[in-house]
Amino acid sequence: MNRRNFNAAFLGLGATAIGPIAMSGCASPMPTERITGIDTHAHAFHRGLPFVANRRYTPDYDAPMEQYLAQLDANGLSHGVVIPISILGTNNDYTLECVARSKGRLRGVAVVDPEADIGKLDGLARGGIVGIRLNLIGKPVPDFNKGAWRELIVACNRLKWHVEVYDDARRLPESLAPLVAAGASVVVDHFGKPDPKLGVADPGFKYLLGLGNTRQVWVKLSAPYRSSTETAQAAAPLLLRAFGTDRLMWGSDWPHTGFEGKQHYADLLANLQVWVPDPAQRQVVLAQTAARLYRFQG
């Protein structure tokens with residue numbers, strides 16, 4: 001048994017068959033490709049890319065698409081999702097390149113400027129982009145009910161894109177409520193990022209749990225280190241109860257920016273056995289839910 005098959009068996013997964021991937025503009029898909037698992041949160045970049053001037057840090061290493069695909073292969077996963085790193089601003093060129101060169105294995109999420117990029121969304125969709133990301137850490141929450149932001153959310157709904165939100169749990173009532181009210185499909189990063197001092201008692205995390213019955217919100221079981229390992233372990237069963245397996249997904253957060261050398265891909269994947277101990281439920285979280293949301297099946 002090779003390592004890929006061993007990992008799939010170890011995780012208790014069955015391969016999920018998919019048909020041809022209906023995504024015009026993407027590299028030609030492999031009709032016989034099977035989903036063994038989907039990593040819904042990874043970053044790909046290299047130092048030759050145009051980083052924004054006001055960036056919070058500058059990486060001293062490259063994390064190219066080829067290295068990411070090698071991580072997927074080494075851990076028995078068939079597909080992944082590229083999330084633009086914040087230091088690229090609204091430049092989505094490398095994300096599009098990664099998707100195009102992946103032969104159907106990758107999808108992308110874009111970061112856009114609502115004032116300038118509305119006209120680009122259809123082109124991004126043809127290139128394999130399936131949603132937008134809002135990294136709101138340290139930033140004011142936009143007024144999603146007015147002007148260009150409202151137009152952007154309407155456009156996302158038209159394209160059947162999701163809106164991915166990365167924010168501290170304490171601000172989730174402010175950042176998520178207007179999106180849900182506008183009918184958007186919303187993806188929440190990293191367990192909702194509860195305050196590690198409060199853990200699952202964080203009022204923002206409790207608010208997030210209350211959104212499970214809307215069926216408009218998905219949560220990523222990813223990057224436990226961005227809150228704490230203990231918080232993630234306590235949060236997982238609560239999220240599973242509130243959202244069900246069809247609204248939870250796993251992500252590696254590779255290459256673990258800010259935590260490089262302290263986190264290891266295989267260990268993070270193994271965490272899923274603790275967070276979702278039932279093999280059948282784990283298969284849904286790791287494969288089927290993400291396949292539907294990120295359009296890995298026709």
Side-chain angles (χ1 to χ4, degrees), residues 4-5 7-9 11-42 44 65 68-69 71-73 75-83 95 98-100 102-110 124-133 156 159-164 184-189 212 215-222 239-240 243-254 265 268-269 272-273 275-276 278-298:
R4 180 184 179 115
N5 290 337
N7 284 346
L11 290 169
L13 301 174
T16 301
I18 61 173
I21 301 170
M23 187 72 69
S24 60
C26 291
S28 298
M30 297 173 285
T32 58
E33 184 63 67
R34 297 176 70 84
I35 296 176
T36 58
I38 300 170
D39 177 355
T40 67
H41 198 103
M65 178 202 74
Y68 174 50
L69 292 178
Q71 285 284 358
L72 295 180
D73 290 339
N75 288 278
L77 304 181
S78 54
H79 295 79
V81 181
V82 176
I83 310 296
T95 300
C98 290
V99 174
S102 73
K103 298 182 180 179
R105 294 187 68 184
L106 300 179
R107 293 285 182 265
V109 172
L124 290 171
R126 289 191 293 272
I129 300 299
V130 293
I132 63 170
R133 190 191 195 210
C156 287
L159 290 165
K160 294 182 172 24
W161 281 6
H162 65 271
V163 179
E164 181 176 332
S185 296
V186 181
V187 173
V188 178
D189 282 347
R215 314 308 292 157
Q216 291 176 236
V217 179
W218 287 252
V219 181
K220 290 185 182 180
L221 306 180
S222 57
L239 290 167
L240 186 60
F243 287 88
T245 56
D246 63 339
R247 291 297 184 272
L248 297 180
M249 303 178 292
W250 177 82
S252 68
D253 195 36
W254 184 86
Y265 198 108
L268 292 165
L269 181 56
L272 191 58
Q273 296 175 84
W275 299 336
V276 187
D278 180 81
Q281 290 186 326
R282 197 160 59 240
Q283 177 185 0
V284 176
V285 171
L286 190 57
Q288 296 169 10
T289 298
R292 288 190 294 268
L293 185 68
Y294 293 100
R295 307 184 197 179
F296 282 114
Q297 51 190 12

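Because the structure is predicted, anything quoted here is derived from the model rather than measured.
- The distance from the CG atom of Leu106 to the CG atom of Leu69 is 5.0 Å, given to the nearest 0.5 Å.
- One finds a salt bridge joining Arg215 and Asp246 here, because a Lys/Arg side-chain nitrogen approaches an Asp/Glu carboxylate oxygen to under 4.0 Å.
- The two atoms that bring Ala291 and Ile35 nearest to each other are CB-CD1, 3.4 Å, heavy atoms only.
- Annotation for Trp218 and Ser185: closest pair CZ3-CB, 3.7 Å, computed over non-hydrogen atoms.
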Side chain to side chain contact (heavy atoms under 4.5 Å, CB included) between Val219 and Arg247, worked out: CA-CA 6 Å; Val219 181; Arg247 291 297 184 272; over 6 Å; no

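- Under the 3.5 Å distance criterion, the side-chain polar atoms of Arg133 are left unmatched by any main-chain donor or acceptor of Val109.
- Without hydrogens or angle criteria, Asp253 side chain to Ser222 main chain gives no donor-acceptor distance under 3.5 Å.
- In this structure Asp278 satisfies the side chain to side chain donor-acceptor pair (under 3.5 Å) test with no other residue, sequence neighbours excluded.
- With a 4.5 Å cut-off on side-chain heavy atoms, Lys220 and Val187 count as touching.
- Between the side chains of Asp39 and Ser252, a donor-acceptor pair is found at a separation under 3.5 Å.
- The aromatic ring centres of Trp254 and Tyr265 sit 6.0 Å or more apart.
- When all heavy atoms of Val99 and Gly127 are compared, the pair lying nearest together is CG1-O, 3.4 Å.
- Remark: Thr40 OG1 to His79 NE2 distance equals 14.0 Å, nearest 0.5 Å.
- When all heavy atoms of Trp250 and Leu77 are compared, the pair lying nearest together is CZ3-CD1, 3.7 Å.
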Worked check of side chain to side chain contact (heavy atoms under 4.5 Å, CB included) between Glu164 and His41: CA-CA 11 Å; Glu164 181 176 332; His41 198 103; 3.4 Å; yes

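- Aromatic ring centres of His162 and Tyr294 lie closer together than 6.0 Å.
- Taking 4.5 Å as the limit, every side-chain heavy atom of Val285 sits out of range of all side-chain heavy atoms of Trp275.
- The CD atom of Gln281 sits 9.5 Å away from atom CG of Leu248, with the distance rounded to the nearest 0.5 Å.
- In this structure, the side chains of Ile129 and Trp161 come closer than 4.5 Å at one or more pairs of heavy atoms.
- Without hydrogens or angle criteria, Thr36 side chain to Gly76 main chain gives a donor-acceptor distance under 3.5 Å.
- Listed here is the closest heavy atom pair of Arg105 and Ser78: NE-O, 2.9 Å.
- For the pair Met65 and Ala44, the tightest heavy-atom approach, listed with the atom from each and the gap, is N-CB, 4.2 Å.
- Although no hydrogens or angles enter the test, the distance criterion places a donor-acceptor pair under 3.5 Å between the side chain of Arg107 and the main chain of Arg295.
- Note that CG of Leu221 and CG of Asp189 are 11.5 Å apart. Values are rounded to the nearest 0.5 Å.
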